[in-house]
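Note sheet for the following structure.
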Amino acid sequence: MTSKGPEEEHPSVTLFRQYLRIRTVQPKPDYGAAVAFFEERAHQLGLGCQKVEVAPGYVVTVLTWPGTNPALSSILLNSHTDVVPVFKEHWSHDPFEAFKDSEGYIYARGAQDMKCVSIQYLEAVRRLKVEGHRFPRTIHMTFVPDEEVGGHQGMELFVQRPEFQALRAGFALDEGIANPTDAFTVFYSERSPWWVRVTSTGRPGHGSLFIEDTAAEKLHKVVSSILAFREKEWQRLQSNPHLKEGAVTSVNLTKLEGGVAYNVVPATMSASFDFRVAPDVDFKAFEEQLQSWCQAAGEGVTLEFAQKWMHPQVTPTDDSNPWWAAFSRVCKDMNLSLEPEIMPAATDSRFIRAVGVPALGFSPLNRTPVLLHDHDERLHEAVFLRGVDIYTRLLPALASVPALPSDT
Ligand SMILES: CSCC[C@H](NC=O)C(=O)O
Ligand SMILES: [Zn+2]
Ligand SMILES: [Zn+2]
């Protein structure tokens, strides 16, 4: 694939690169610049623009293209504006310069996750508007803060607000993950994040003695139980070619804390785990399992949750779901092959589905190595532009889904 010279760059690519240069990087994203960028887009495209401050300094920007039949529920196109931090020394190019190499690869934090999608939505809407189309259903684009740190000051608050209700969303698209093959991955559910800290307390004393009932011994037991469970889930995934990563429960030990000196046996130690619980798990039984591992380790071992998502939802991927029918029909017509999966990580889709709005996680990026959150995150401009084509076909179909019982 060759790229055009800068003077011939496709204007959608130029806009994408402009957005990539806005430093909405955690932990201190420049949200003000992003909001101003989308307000400007609304102005240029002749779209409605609403700013909803869900928490001080956390604004959700909503761009609206009204449909011809306001009685129908709307299509929600969601994207988050923040991006994860970088390790600059590991990048071939400045991650906030949106450098394009001679082959057409654009290097930038957010190139895949998910600034591409925000601009692809906008450019598809622009094309359709320029061509003079109108569709029955209203299309809302929401640009939300805070997803990369859990969405608690973003979509989680927004879905509870009257402004969200007023959008009357019937169906949503949100982010997916790139696929290195010819196929496109589409996510119909997500694993639930459970962040668990196990704290063990025990007898302290001199480091030279055989102290009994130490915090470390008991913590070790819990760690062993949990890592044995991890191995079991890993084997289950490995041994069944039909299972994808998101269909089993994963866990990683991500933090160990405690201790003050080599020769002081500490009274407290803790271990933190990032669990991602598969949607078909019995959540109550699973929590009891965690508690019983703690109890089995001995007295004084407790657990607390830093995240505990309890509302997994599945968006049906069969023709009983008219949104899926419309989505998959377009993909079929365009000869795109789809791989429906459960999202291994957590996105804002979980908040959308939890308030009863069916959602698909879809980033139209095939033939692209998975580089989200990685060094040298990049996207080829041709793949980006193909994604605009795909939304240009998807939006008319979704915004023309005939009236549904749920619309009334
Ligand atoms: C559990 S809130 C954190 C959300 C985060 N989302 C994207 O990476 C994730 O770790 O999945
Ligand atoms: Zn993302
Ligand atoms: Zn991310």
Side-chain angles (χ1 to χ4, degrees), residues 16-39 51-61 78-99 107-119 142-160 174-175 177 190-197 252-257 270-276 304-309 343-351 361 363 370-379:
F16 176 37
R17 294 174 68 196
Q18 272 170 25
Y19 181 37
L20 288 168
R21 293 185 189 114
I22 299 177
R23 292 173 177 260
T24 49
V25 57
Q26 294 288 358
K28 280 213 142 304
D30 183 358
Y31 284 135
V35 171
F37 177 86
F38 291 112
E39 275 188 294
K51 292 188 284 178
V52 182
E53 192 168 26
V54 295
Y58 293 81
V59 170
V60 172
T61 312
N78 185 57
S79 57
H80 64 81
T81 58
D82 57 328
V83 298
V84 293
V86 293
F87 298 91
K88 218 178 159 188
E89 63 277 18
H90 292 286
W91 282 68
S92 312
H93 306 281
D94 181 336
F96 298 99
E97 197 186 291
F99 175 82
Y107 288 72
R109 177 55 89 222
Q112 295 188 15
D113 181 13
M114 62 172 301
K115 287 183 167 177
C116 53
V117 173
S118 305
I119 304 300
T142 46
F143 302 93
V144 306
D146 205 47
E147 189 278 340
E148 293 292 5
V149 290
H152 309 300
Q153 314 254 60
M155 193 51 104
E156 186 167 27
L157 294 176
F158 185 54
V159 296
Q160 298 303 334
D174 198 344
E175 69 188 305
I177 298 181
E190 297 193 352
R191 297 196 293 198
S192 297
W194 282 20
W195 291 355
V196 179
R197 185 154 93 142
N252 281 293
L253 171 57
T254 48
K255 257 195 216 178
L256 279 172
E257 290 165 293
S270 74
S272 301
F273 299 90
D274 182 354
F275 283 90
R276 303 298 172 122
E304 66 196 318
F305 288 93
Q307 299 266 350
K308 189 186 186 196
W309 184 252
M343 170 69 81
T347 76
D348 285 334
S349 293
R350 72 190 185 284
F351 304 119
S363 296
V370 175
L371 290 170
L372 76 171
H373 297 203
D374 204 343
H375 309 318
D376 275 346
E377 181 178 355
R378 61 190 178 275
L379 184 61

Donor-acceptor check, side chain of [X] to backbone of [Y], threshold 3.5 angstrom: yes or no?
X: Asp274; Y: Asn252; answer: no
X: Gln153; Y: Tyr58; answer: no
X: Glu190; Y: Thr347; answer: yes
X: Arg109; Y: Val84; answer: yes
X: Arg21; Y: Phe16; answer: no

Checklist entry - Under the side chain to side chain contact (heavy atoms under 4.5 Å, CB included) criterion, do Glu156 and Asp146 qualify, and how do the steps go? => result CA-CA 10 Å; Glu156 186 167 27; Asp146 205 47; over 6 Å; no

Next on the checklist: For Lys115, run the side chain to side chain contact (heavy atoms under 4.5 Å, CB included) check against Thr81, Leu379, Thr24, Asp82 and tell me which one passes.
Outcome noted: Thr24

Next on the checklist: The criterion is side-chain contact (heavy atoms from CB on, under 4.5 Å); which residues satisfy it with Lys255, sequence neighbours excluded?
Outcome noted: Glu257, Ser272

Item to check | Residues in side-chain contact (heavy atoms from CB on, under 4.5 Å) contact with Ala33, at least two apart in sequence or another chain | outcome: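 Result, side-chain contact (heavy atoms from CB on, under 4.5 Å) vs Ala33: Ile22, Asp30.
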
What distance do [X] atom [atom1] and [Y] atom [atom2] have between them, rounded to the nearest 0.5 Å?
X: Asp113; Y: His373; atom1: CG; atom2: NE2; value: 4.0 Å
X: Gln307; Y: Phe275; atom1: CD; atom2: CZ; value: 14.0 Å
X: His152; Y: Glu147; atom1: NE2; atom2: CD; value: 10.0 Å
X: Asn78; Y: Met155; atom1: CG; atom2: CE; value: 3.5 Å
X: Tyr107; Y: Leu371; atom1: OH; atom2: CG; value: 9.5 Å
X: Phe38; Y: Ser79; atom1: CZ; atom2: OG; value: 5.5 Å

Next on the checklist: Pairing donors with acceptors under 3.5 angstrom, does anything connect the side chains of Ser363 and Gln112?
Outcome noted: no

Checklist entry - Regarding His80 and Asp174, is there a side-chain donor-to-acceptor distance under 3.5 Å anywhere? => result no

Shortest non-hydrogen contact from [X] to [Y]?
X: Val60; Y: Pro145; result: CG2-CD, 3.9 Å
X: His375; Y: Trp91; result: CA-NE1, 3.8 Å
X: Arg197; Y: Ser270; result: NH1-OG, 3.8 Å
X: Ala346; Y: Pro193; result: CB-CG, 3.8 Å
X: Leu157; Y: Val54; result: CD1-O, 3.4 Å
X: Pro344; Y: Arg191; result: O-NE, 3.1 Å

Next on the checklist: Any non-hydrogen side-chain atom of Pro29 less than 4.5 Å from a side-chain atom of Glu148?
Outcome noted: no

Checklist entry - Can you find a heavy atom in the side chain of Ile177 that is under 4.5 Å from one in the side chain of Met343? => result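 When only atoms from C-beta onward are counted, Met343 and Ile177 do touch, with a gap below 4.5 Å.
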
Donor-acceptor pairs under 3.5 Å, side chain of residues 92-99 to any protein atom, not counting sequence neighbours: which ones?
from, atom 1, to, atom 2, distance (Å)
Ser92, OG, Asp376, OD1, 3.4
Ser92, OG, Asp376, OD2, 2.7
Asp94, OD1, Phe96, N, 2.8

Checklist entry - Would the Trp309 and Phe351 ring centres measure less than 6.0 Å apart? => result yes

Checklist entry - Looking at Phe143 versus Tyr31, is the centre-to-centre ring distance below 6.0 Å? => result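 No: the rings miss the under 6.0 Å criterion.
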
Checklist entry - Under the side chain to side chain contact (heavy atoms under 4.5 Å, CB included) criterion, do Trp195 and Arg276 qualify, and how do the steps go? => result CA-CA 8 Å; Trp195 291 355; Arg276 303 298 172 122; 3.8 Å; yes

